[in-house]
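In what follows, a single structure is set out as structure tokens and then discussed.
Keep in mind it's a predicted model, so treat the numbers as computed, not measured. Only this structure's heavy atoms are used, side chains among them; waters, hydrogens and symmetry mates stay out.
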Amino acid sequence: MKKYTIYLIAGLMATLILLLLSSTILDSMFSGQTEFANEMYNNNLYFMTTLFSAVIAWVLAGIFYYVINSVSFSRWYHWLIILGVGAIASSITAYNYCDGIFANDGVDYSDQLFGFSMTNLLVEVLLFVIASYGMRWWSSNCRHTPIPE
């Protein structure tokens with residue numbers, strides 16, 4: 001097995017572990033806000049938002065490395081633009097999804113959701129970096145982005 005395949009498998013495993021531990025990790029971060037944390041945990045929102053983040057990260061990394069895959073769009077700042085798009089999209093998705101669930105329940109956690117969506121932004125950045133290093137090796141033009149081998 002080539003070392004690049006091991007990077008891909010390690011990236012997928014790291015993503016899977018983060019998905020499986022998302023409720024525990026994120027719940028511990030918001031444990032001071034017991035009502036909010038309980039609602040998030042009981043509605044399985046920690047897992048769902050992390051799942052959305054993982055899908056967004058892997059899809060955008062795939063688009064960058066295999067669809068765009070252009071010499072003129074292969075610099076580190078182009079990669080950073082895609083990372084920013086994913087982070088913003090993930091945060092907005094997490095906020096709107098959770099806010100919709102809470103609105104159906106008749107509760108308002110706007111302030112806590114903003115803090116959670118900023119935490120979710122950091123999770124998205126981590127997942128995008130993991131996805132990038134997992135799949136960049138087979139790209140014909142962008143394999144050296146963001147950091148050369």
Side-chain angles (χ1 to χ4, degrees), residues 7-139 141-147:
Y7 291 153
L8 177 63
I9 292 169
L12 289 170
M13 293 300 292
T15 302
L16 181 63
I17 290 169
L18 185 62
L19 279 171
L20 294 174
L21 297 177
S22 63
S23 294
T24 305
I25 294 168
L26 293 172
D27 190 43
S28 67
M29 293 175 129
F30 292 95
S31 61
Q33 305 165 5
T34 52
E35 289 180 32
F36 174 72
N38 287 340
E39 288 292 325
M40 292 288 288
Y41 188 82
N42 291 338
N43 289 316
N44 202 27
L45 296 177
Y46 291 130
F47 175 75
M48 290 304 295
T49 55
T50 306
L51 181 64
F52 294 152
S53 295
V55 169
I56 290 170
W58 281 88
V59 166
L60 285 179
I63 288 171
F64 179 77
Y65 288 107
Y66 302 109
V67 175
I68 295 174
N69 196 20
S70 169
V71 173
S72 61
F73 200 77
S74 65
R75 303 280 187 251
W76 66 269
Y77 47 87
H78 298 129
W79 178 85
L80 199 60
I81 290 169
I82 301 296
L83 171 67
V85 167
I88 291 169
S90 177
S91 294
I92 290 172
T93 302
Y95 184 91
N96 288 334
Y97 180 74
C98 294
D99 193 42
I101 298 290
F102 291 146
N104 288 340
D105 292 343
V107 292
D108 181 30
Y109 290 118
S110 304
D111 296 335
Q112 293 93 340
L113 276 176
F114 180 77
F116 175 73
S117 65
M118 291 300 107
T119 303
N120 195 60
L121 184 136
L122 298 175
V123 170
E124 174 66 24
V125 168
L126 175 68
L127 286 168
F128 187 78
V129 170
I130 289 170
S132 291
Y133 281 94
M135 67 172 57
R136 78 184 207 165
W137 310 104
W138 297 279
S139 175
N141 294 314
C142 297
R143 83 173 63 105
H144 301 292
T145 306
I147 298 171

Looking at every heavy atom in both [X] and [Y], which two are closest together, and how far apart are they?
X	Y	answer
N43	D105	ND2-OD2, 3.6 Å
C98	L113	CB-CD2, 3.4 Å
R136	H144	NH1-C, 4.3 Å
M135	A61	SD-C, 3.5 Å
W138	Y66	CB-OH, 3.5 Å
G86	L60	CA-CD1, 3.3 Å

Would you indicate whether [X], at its atom [atom1], is surrounded by more than 12 heavy atoms from other residues, nucleotides or ligands within a distance under 6.0 Å?
X	atom1	value
Y133	OH	yes
M118	CE	yes
W76	CH2	no

- Message: Quick one: does any side-chain atom of Y65 pair with a main-chain N or O of T145 as donor and acceptor, under 3.5 Å?
- Response: yes
- Query: Are any side-chain N or O atoms of N38 and backbone N or O atoms of T34, one a donor and one an acceptor, separated by less than 3.5 Å?
  - Reply: yes
- S53: which of S90, S91, S22 passes side-chain hydrogen bond (donor to acceptor under 3.5 Å, both in side chains): S90
From [X] atom [atom1] to [Y] atom [atom2], the distance as rounded to the nearest 0.5 Å:
X	Y	atom1	atom2	value
L45	L51	CG	CG	12.0 Å
T24	Y41	OG1	OH	6.5 Å
M40	M29	CE	CE	12.0 Å
T49	N44	OG1	CG	9.0 Å
I63	I82	CD1	CD1	8.0 Å
I25	Y46	CD1	OH	12.0 Å

- Excluding sequence neighbours, so at least two apart, what forms side chain to side chain contact (heavy atoms under 4.5 Å, CB included) with L12? L8, W58
Side chains of residues 68-75: which donor-acceptor pairs under 3.5 Å do they make with residues two or more places apart or in other chains?
unit_1	atom_1	unit_2	atom_2	d
N69	OD1	S139	OG	2.8
N69	OD1	N141	N	3.0
N69	ND2	S140	OG	2.9
S70	OG	S72	N	3.2
S70	OG	S72	OG	3.0
S74	OG	V71	O	2.9

- Look at the aromatic rings of Y97 and F52 and report parallel, tilted or perpendicular, splitting at 30° and 60°. perpendicular
- Task: Report the relative orientation of the aromatic rings in Y109 and F36; use parallel for angles under 30°, tilted for 30 to 60°, perpendicular for over 60°.
- Result: perpendicular
- Message: Counting C-beta onward and ignoring hydrogens, is there a side-chain heavy-atom pair between L18 and V123 closer than 4.5 Å?
- Response: yes
- Message: Is any side-chain heavy atom of L83 closer than 4.5 Å to one of L80?
- Response: yes
- Please assess L26 against F116 for the test side-chain contact (heavy atoms from CB on, under 4.5 Å), listing each intermediate value before the final yes or no. CA-CA 9 Å; L26 293 172; F116 175 73; 4.0 Å; yes
- Item | Contacts of S110 that satisfy side-chain hydrogen bond (donor to acceptor under 3.5 Å, both in side chains) - sequence neighbours left out | D108
